[in-house]
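Below is one structure, written out as structure tokens; comments come after it.
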Amino acid sequence: MNRLVFLFMLLSVVGSCGKANDEKEPQDNYIMHDDFFYYRFSDDGKSYLTPCNDEFYLIIKTENLDAALDELHDREFQITTDPRRLVYHYADEFSPVQDLCDCSYLCVKGSGDIDDLDGVVYSHHLYYGKNNVLVGKSNLFSVEYDSQNPESQIELSLQYAKKHNIAPIDIYRDLCWITFACTNASSGNPVELSNWFVEVGGFPSAAPEYSEVSLD
């Protein structure tokens with residue numbers, strides 16, 4: 001083989017391998033987990049969770065709500081929190097997400113599948129948190145970004161949002177936090193994705209918007 005051709009081929013292979021490594025997603029073998037989330041005000045920096053497998057938080061399109069309630073009754077689910085209209089307050093730079101428009105939320109208790117109800121946008125079991133308090137009544141989580149490099153960090157978080165099919169909702173620039181919403185089409189729930197943003201994304205902190213968490 002002509003030495004010049006061989007050298008060109010070798011450089012092409014080395015260059016393509018380098019590009020693949022540079023563009024490879026971080027920790028492709030990462031396994032989502034929801035046994036805890038990071039909480040800076042606890043002794044060890046974590047807030048531990050235990051699944052409550054018979055209580056659920058649901059977001060349902062309001063137009064499907066009556067039919068869903070009838071179906072839940074037929075499946076012998078108990079309504080523990082009456083349906084309420086769900087309203088998100090979007091930052092000016094974020095557009096409302098169609099899937100999360102005109103929705104209602106409620107909590108139910110029972111056994112069986114609920115993901116197949118018509119109009120379900122988000123569904124997940126609740127958790128027992130600190131002091132055995134029942135938490136998980138939200139599809140939101142917030143990510144803290146580096147204040148030393150805010151714009152690039154915000155852009156990176158929005159790129160990851162597309163990767164995980166989550167919606168940016170609001171941003172607190174004075175606190176360096178950005179809030180995202182999950183649906184059943186997302187890669188995980190608020191706990192799992194909070195952990196991903198810290199453990200894989202490399203962000204300083206992230207946490208689901210559950211009752212024991214405050215961004216103030």
Does CG belonging to D92 count more than 12 external heavy atoms closer than 6.0 Å?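 Atom CG in D92 is not packed in, count stays at 12 or less.
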
Could you tell me whether Q159 atom CD has more than 12 heavy atoms of other residues or ligands within 6.0 Å of it?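 Above 12, so yes.
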
Any side-chain heavy-atom pair of [X] and [Y] under 4.5 Å:
X: N184; Y: D115; value: yes
X: E144; Y: L175; value: no
X: S42; Y: S47; value: no
X: E209; Y: F141; value: no
X: K109; Y: F77; value: no
X: D146; Y: F203; value: no
X: L58; Y: C107; value: no
X: F37; Y: N195; value: yes

Test your reading of the model: is there a side-chain donor-acceptor pair from [X] to the backbone of [Y], 3.5 Å cut-off?
X: N139; Y: C182; answer: yes
X: Y90; Y: V97; answer: yes
X: S186; Y: N165; answer: yes

So V120 and I114, side-chain contact (heavy atoms from CB on, under 4.5 Å) or not? Walk me through it. CA-CA 8 Å; V120 170; I114 53 175; 6.0 Å; no

Between V191 and Y210, is a side-chain contact (heavy atoms from CB on, under 4.5 Å) present by the stated rule, with each step listed? CA-CA 10 Å; V191 181; Y210 294 166; 3.6 Å; yes

Taking only Lys NZ, Arg NE, NH1 and NH2, and the carboxylate oxygens of Asp or Glu, determine whether [X] and [Y] approach each other closer than 4.0 Å.
X: E151; Y: R173; result: yes
X: K137; Y: E55; result: no
X: D102; Y: R85; result: yes
X: R75; Y: D116; result: yes

Rounded to the nearest 0.5 Å, what separation is found between the [atom1] atom of [X] and the [atom2] atom of [Y]?
X: I60; Y: C103; atom1: CD1; atom2: SG; result: 9.0 Å
X: S123; Y: L106; atom1: OG; atom2: CG; result: 11.0 Å
X: H124; Y: C52; atom1: NE2; atom2: SG; result: 12.0 Å
X: K61; Y: L100; atom1: NZ; atom2: CG; result: 7.0 Å
X: N149; Y: L156; atom1: CG; atom2: CG; result: 10.0 Å
X: L65; Y: L69; atom1: CG; atom2: CG; result: 4.5 Å

Compute whether any side-chain donor of one residue and acceptor of the other, for [X] and [Y], lie under 3.5 angstrom apart.
X: D43; Y: Y39; value: no
X: T62; Y: S104; value: yes
X: N189; Y: Y57; value: no

Quick check: closest heavy atoms across [X] and [Y], and the distance to 0.1 Å?
X: S194; Y: A206; value: O-CB, 3.4 Å
X: D170; Y: A91; value: OD1-CB, 3.4 Å
X: I166; Y: P168; value: O-CD, 3.8 Å

Should the pair Y127 and H125 be assigned to parallel (<30°), tilted (30 to 60°) or perpendicular (>60°) ring geometry?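 Taking H125 first and then Y127, their aromatic rings stand perpendicular (interplane angle over 60°).
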
Parallel, tilted or perpendicular, as decided by the 30° and 60° cut-offs, for the rings of H33 and F36: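 If you compare the ring of F36 with that of H33, the planes turn out tilted.
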
Should [X] and [Y] be regarded as members of a common hydrophobic cluster, given that ILVMFWY residues are connected when their side-chain heavy atoms come within less than 4.5 Å of each other, either directly or indirectly?
X: V121; Y: F94; result: yes
X: L117; Y: Y122; result: no
X: F56; Y: V135; result: no
X: L126; Y: L72; result: no
X: L134; Y: V108; result: no

F197 ring center near F180 ring center (under 6.0 Å):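 Ring centroids of F197 and F180 are less than 6.0 Å from each other.
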
Centroid-to-centroid, W177 to Y145, below 6.0 Å?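 No - the distance between ring centres of W177 and Y145 does not fall below the 6.0 Å cut-off.
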
